[in-house]
There are 2 protein chains.
Amino acid sequence: MNLKSIDISEMASASTIVFDMLRKAIIEGDLTEGEPLRQEEIARIFNTSRIPVREAISRLQEQGLVKTQRYKGAVVASLSATEAAEIFDFRALIEPEIVRDATSRMTDDSLLAAERACIAFSACTTPMDWGNLNRAFHAALYSPSALKYFIEVSHKAMDRVERYVRAQLVMSNGMGRANEEHFAILNACKAGNADAAAALTKSHICGAKDSLLRYFPKV
Amino acid sequence: MNLKSIDISEMASASTIVFDMLRKAIIEGDLTEGEPLRQEEIARIFNTSRIPVREAISRLQEQGLVKTQRYKGAVVASLSATEAAEIFDFRALIEPEIVRDATSRMTDDSLLAAERACIAFSACTTPMDWGNLNRAFHAALYSPSALKYFIEVSHKAMDRVERYVRAQLVMSNGMGRANEEHFAILNACKAGNADAAAALTKSHICGAKDSLLRYFPKV
DNA sequence: GAGTAGAATATTGGATACAATATGCAATAT
DNA sequence: ATATTGCATATTGTATCCAATATTCTACTC
């Protein structure tokens, strides 16, 4: 036998595909706050029945990305400035620990991947890509860590605020500063200085929070 | 008009009821690790069709309480000792911040509620109730905090390890020590000493982790 | 014209029916 | 006896249909 092994049981079901697409649309702001998610409309778009759509919406609700009311349906969740700030505080607590753990586990490969992501972010020109590349950099930085639960939770936290990060990057012209901070974190990692990398990550996140609150004083 | 106001749109749907019951059963260990969740069987038990059951299982999966494989179904998720330890580390990072925030916001009422929960825990005799009362105490302690996201995430983390906490309380005869630590935290809150309350919470959680690892060296 | 009752429509929640896949067992071949 | 194939059953994934509720529109009253 000489066939490439593909685990066919890992193939995506309709409800998983719908979930991923809706999640992406919400995170990236293609679906705006408060916008209702009509089951039939979504089912039409993906050419399925409403059943997979409903399961996808259940999962989104569990993640806090939508809010549902019985017999009224789901709407895209929104955050007050206070709530957004709290999630940034949360990230500022969690993510430095991930970076600290990751630093000691980084290989040449993972450092190179992080550097590539960092460079890609710095070279990016269209605002729409900023969010994705910013996220890609953080993912590359965190992935060597063994703290799988921390990483999972931090991703969920990022999902909740990513749209605001994007908006803030655009409105505050924050790309330059974010870029500098990324390279600073990366260099601390390269030097194997876990404490410095963690501290820089913390101030990076706190800075993003402050900038956000300046630009959206009362979201 | 003189009627008690009940928001009827908040009434539980079948899928919500099934979700809550399954969640409870998993947390409390009534469903054991690896045990498969048969949709039809569960549907029969709750006298519904499989549709609400499936939505409930989707949500459980999103919380990490079950693992599903396409066309094979869902089984109750299990944790390795490493994974459980990581979740305790996570709690040890988050929950002190909640207590710190809660301490400054505690009223006489909330302090009394926490004290009642603490006393109830200390008076408890049946192992099955320990977990619930332990959880109730922590909930009473945290609820004055304004950090809603922190609280939500910490509850999800507790859900993942609660069955181990219970087992550990039984096997290590840890009730006495847990009880002392609870009162210590409570007293720090009463004294308005947020830093002390946070520190005591941290060591309380770290102690539970150490005890767990001693009794389940390789779960 | 404002406001209300009631029908008509839209939308969600759930039940049933069917399709796709997995699992267990018997029959057969080696 | 062991391994392999084909079939029967079990289970999950999805589509379709019905019921319950929300929303909109219309007719009517004042």
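Just so it is clear: chains get the letters A, B, ... in the order the sequence lines come, proteins before strands, and each one is counted from 1.
- As judged by a 4.0 angstrom heavy-atom cut-off over every strand, B:R70 is placed among residues touching the sugar-phosphate backbone only.
- Using a 4.0 Å cut-off, no side-chain N or O of B:Q69 falls inside it from OP1 or OP2 of C:dT21.
- Judged purely by atom type and a 3.5 angstrom limit, A:E86 uses its side chain to pair as donor or acceptor with the backbone of B:F150.
- Put simply, the residue from B:T103, B:T107, B:D101 that forms a side-chain contact (heavy atoms from CB on, under 4.5 Å) with B:R105 is B:D101.
- With hydrogens and angles disregarded, a donor-acceptor distance shorter than 3.5 Å links the side chain of B:S58 to the backbone of B:R54.
- B:Y164 contributes a side-chain N or O that, together with a main-chain N or O of B:L79, makes up a donor-acceptor pair within less than 3.5 Å.
- One atom, NZ of B:K72, and another, C1' of C:dA20, lie 15 Å apart when rounded to the nearest Å.
- Looking at A:Q63, its side chain never comes within 3.5 Å of a backbone N or O of A:K156 through a donor-acceptor pair.
- Note: CE (A:M11) to P (C:dT21) measures 8 Å, nearest angstrom.
- Looking at A:T201, its side chain does come within 3.5 Å of a backbone N or O of A:A197 through a donor-acceptor pair.
- Look at CZ on A:F19: it is 18 Å from C1' on D:dG13, rounded to the nearest Å.
- Atom CZ in B:R38 sits about 9 Å away from atom P in C:dT23, given to the nearest Å.
- Residue contacts shown for A:L37 are limited to sugar-phosphate atoms, with no base heavy atom under 4.0 Å away.
- Taking atom CD on A:Q39 and atom C1' on D:dA15, their separation rounds to 14 Å, with Å as the unit.
- Taking atom CD of A:E55 as the reference point, atom C1' of D:dT12 lies 10 Å away to the nearest angstrom.
- We find that CD of B:Q61 is positioned 13 Å from C1' of D:dG13, with the value rounded to whole Å.
- Spacing between atom CD of A:E40 and atom P of D:dT16 amounts to 11 Å, rounded to whole angstrom units.
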Scan nucleotides 15-19 of chain C against the protein and return all N/O pairs shorter than 3.5 Å with their distances rounded to 0.1 Å.
{"residue": "C:dA15", "atom": "OP2", "partner": "B:S49", "partner atom": "N", "Å": "2.7"}
{"residue": "C:dA15", "atom": "OP2", "partner": "B:S49", "partner atom": "OG", "Å": "2.9"}

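- Around the CE atom of B:M21, the shell of radius 6.0 Å holds no more than 12 heavy atoms that belong to other residues, nucleotides or ligands.
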